[in-house]
Amino acid sequence: MEKYYQEAIECASREEIRAIQSERLVKQVRHVWDNVPYYRKKMEEKGITPDDIQSVDDLKKLPFLSKADLREAYPYGLLGVPLKDCVRIQSTSGTTGKRVVAFYTHHDIDLWEECCARAIMAAGGTDEDVCQVSYGYGLFTGGPGLNGGSHKVGCLTIPTSSGNTERQIMFIMDLQATILCCTPSYAAYLAETMKEMGYGPDDIPLKAGIFGAEAWSEEMRRDIEKTLGIKAYDIYGLTELSGPGVSFECSAQGGMHVNEDHFIAEVIDPETGEPLPDGVQGELVFTAIDKEAFPMIRYRTRDICTLTHEKCSCGRTHVRMTKPKGRTDDMLIIRGVNVFPSQIETVLLNNGYAANYQIIVDRVNNTDTLDVQVEMTPEMFTDNVGEISERQKKLVDGLKSMLGIKAKVSLVAPKSITRSEGKAVRVIDKRKI
Ligand code: DLL
């Protein structure tokens with residue numbers, strides 16, 4: 001039976017959701033106009049005032065916020081409340097430029113943890129569960145968010161944070177953890193290590209995993225599910241909007257339900273900024289309608305996906321987003337062709353490799369080069385040159401038909417690519433160095 005943390009709102013009718021969104025949006029726009037001079041100026045430049053926003057239909061009149069705005073307004077320029085009302089900050093790792101520092105009031109933390117609690121219950125969690133949180137704790141939102149959600153559900157929470165893989169496994173086994181929360185790349189590493197230690201899926205007490213914070217393919221999901229003997233659920237979020245739990249998967253595993261009573265989702269054409277209909281791929285934009293301290297309006301995430309309002313078998317009525325295919329800023333343009341790391345991952349995993357790979361892009365004699373290094377699995381490891389070149393050729397062909405361009409493939413020995421405990425670094429683009 002499907003479990004809900006807040007059934008009335010998670011399964012509300014579309015009319016109810018619309019009414020909540022409209023009411024909160026109107027209030028939020030007024031709040032921002034009154035308290036965030038940076039955004040008020042943007043509204044004035046567009047010639048609109050809070051009176052122009054009467055319902056969700058007026059959302060598209062509002063100006064976008066982008067990462068560039070966050071940078072410009074850093075650190076306090078987008079605060080919606082006096083600093084004394086803020087009780088926490090969280091921050092991104094800053095791999096793509098300046099760190100984002102997000103602020104929270106008590107209310108904002110409560111809202112965020114509720115979203116994470118919904119995700120845990122959608123993955124089958126109850127107060128009987130032992131939930132191991134192996135996302136990083138600290139400035140990163142993964143650990144604190146899922147920790148808070150796990151408390152709200154009433155699970156016994158094991159706050160291991162990331163790293164120290166042997167200790168992670170000891171806790172899973174000794175405390176009989178039933179839910180594991182971490183990045184998919186770390187889940188894959190834990191699965192690999194447990195397998196090497198001789199644990200089969202039936203020996204492992206885990207039943208569900210809540211994995212997100214980075215793009216991962218369906219093939220990777222299947223691998224992790226098989227090795228750990230669990231059902232693996234995707235979870236999405238970003239620091240700007242609070243952290244994990246902006247959307248989450250249910251038992252149907254067919255896209256992530258956006259917590260629409262807190263976040264309005266739009267998909268836009270990244271070039272024109274025009275909203276796109278369901279099913280059409282574009283850039284995801286969110287409006288946080290009841291966050292106090294850091295009230296993001298029409299924030300451009302740079303994540304690429306589609307939305308669907310189709311009915312879901314789990315009973316939830318909130319819109320679903322597909323797994324983000326990648327980010328507009330992860331997209332590689334190689335010899336004029338758009339390449340997403342997730343497409344390469346799909347080819348590798350479909351050919352029996354694990355998700356231990358690195359993509360190296362360079363420019364040699366004015367021509368872009370794409371070099372995919374992938375580890376052989378221990379089962380396929382060989383020093384038979386003929387066999388290796390046969391395998392490489394198969395991957396080159398597979399990549400050519402997926403991407404339309406030729407890549408160089410290098411098969412490397414098992415364990416030669418560094419494992420990740422948090423978000424994996426898959427791409428090294430030497431053209432940018
Ligand atoms: O990664 C929050 C999070 C923590 C989400 C734990 C899920 C679990 P940031 O560090 O600010 O926040 O990075 C946000 O990560 O814009 C996406 O590009 C990417 N991302 C997050 N979840 C997913 C996912 C956290 N499930 C950025 N699939 C986002 C693909 C994801 N990409």
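Hydrogens, waters and symmetry mates play no part in the numbers below; they use all other heavy atoms, side chains included. Start at 1 and go down the list; that is how both ligands and their atoms are numbered. In what follows, residues are counted from 1 in the order of the sequence shown.
Counting non-hydrogen atoms of other residues, nucleotides and ligands closer than 6.0 Å to NZ of Lys195 gives a total of 12 or fewer. Counting heavy-atom neighbours within 6.0 Å of Lys226 NZ, excluding the residue itself, gives a total of 12 or less.
The aromatic rings of Phe263 and Phe286 stand perpendicular to each other, their planes meeting at an angle above 60°, with 30° marking the opposite boundary.
Considering Ile210, Thr239, Val100 only, the shortest heavy-atom separation from atom 9 (P) of ligand 1 involves Thr239.
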side-chain hydrogen bond (donor to acceptor under 3.5 Å, both in side chains) for Glu225 and Gln253? Distances and angles first, verdict last.
CA-CA 13 Å; Glu225 287 188 328; Gln253 292 179 314; 3.0 Å; yes

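The protein heavy-atom contact nearest to atom 22 (N) of ligand 1 is Ala213 N, 3.1 Å. The protein heavy-atom contact nearest to atom 16 (O) of ligand 1 is Asp303 OD2, 2.7 Å. At the shortest separation from atom 25 (C) of ligand 1 among protein heavy atoms lies Gly237 O, 3.5 Å.
In this model, a donor atom of one side chain and an acceptor atom of the other lie less than 3.5 Å apart for Asp129 and Thr178.
Taking a 4.0 Å cut-off on heavy atoms, Lys423 registers as neighbouring ligand 1. Ligand 1 is approached by Arg327 to a heavy-atom distance shorter than 4.0 Å.
Both the backbone and the side chain of Leu238 come within 4.0 Å of ligand 1, counting heavy atoms alone. Here Glu214 has backbone heavy atoms under 4.0 Å from ligand 1, and that is the only part of it that gets that close. Here Phe211 has no heavy atoms under 4.0 Å from ligand 1, in either its backbone or its side chain.
The cationic group of Arg300 lies under 6.0 Å from the six-membered ring centre of Phe64 and within 45° of the ring axis, placing it in a cation-pi geometry. Both tests pass for Arg426 against the ring of Tyr357: distance under 6.0 Å to the centre and angle within 45° of the axis.
Ligand-side atoms of ligand 1 in range of Tyr135: 6 (C), 8 (C), range being under 4.0 angstrom from any heavy atom. With ligand atoms numbered from 1 in the order given, ligand 1 contributes 2 (C), 3 (C), 4 (C), 5 (C), 6 (C), 7 (C), 8 (C) to contacts under 4.0 Å with heavy atoms of Pro244. Residue contact check: Thr92 has heavy atoms under 4.0 Å from atoms 11 (O) of ligand 1. When each atom of ligand 1 is checked for a heavy atom of Asp234 under 4.0 Å away, the hits are 24 (C), 26 (N). Interface atoms of ligand 1 facing Phe140, defined by a heavy-atom separation under 4.0 Å, are 1 (O), 4 (C), 10 (O), 25 (C).
Aromatic ring centroids of Tyr186 and Tyr135 lie 6.0 Å or more apart.
Look at Glu249 and Lys323 and you find no salt bridge, because none of the NZ, NE, NH1 or NH2 atoms lies under 4.0 Å from a carboxylate O.
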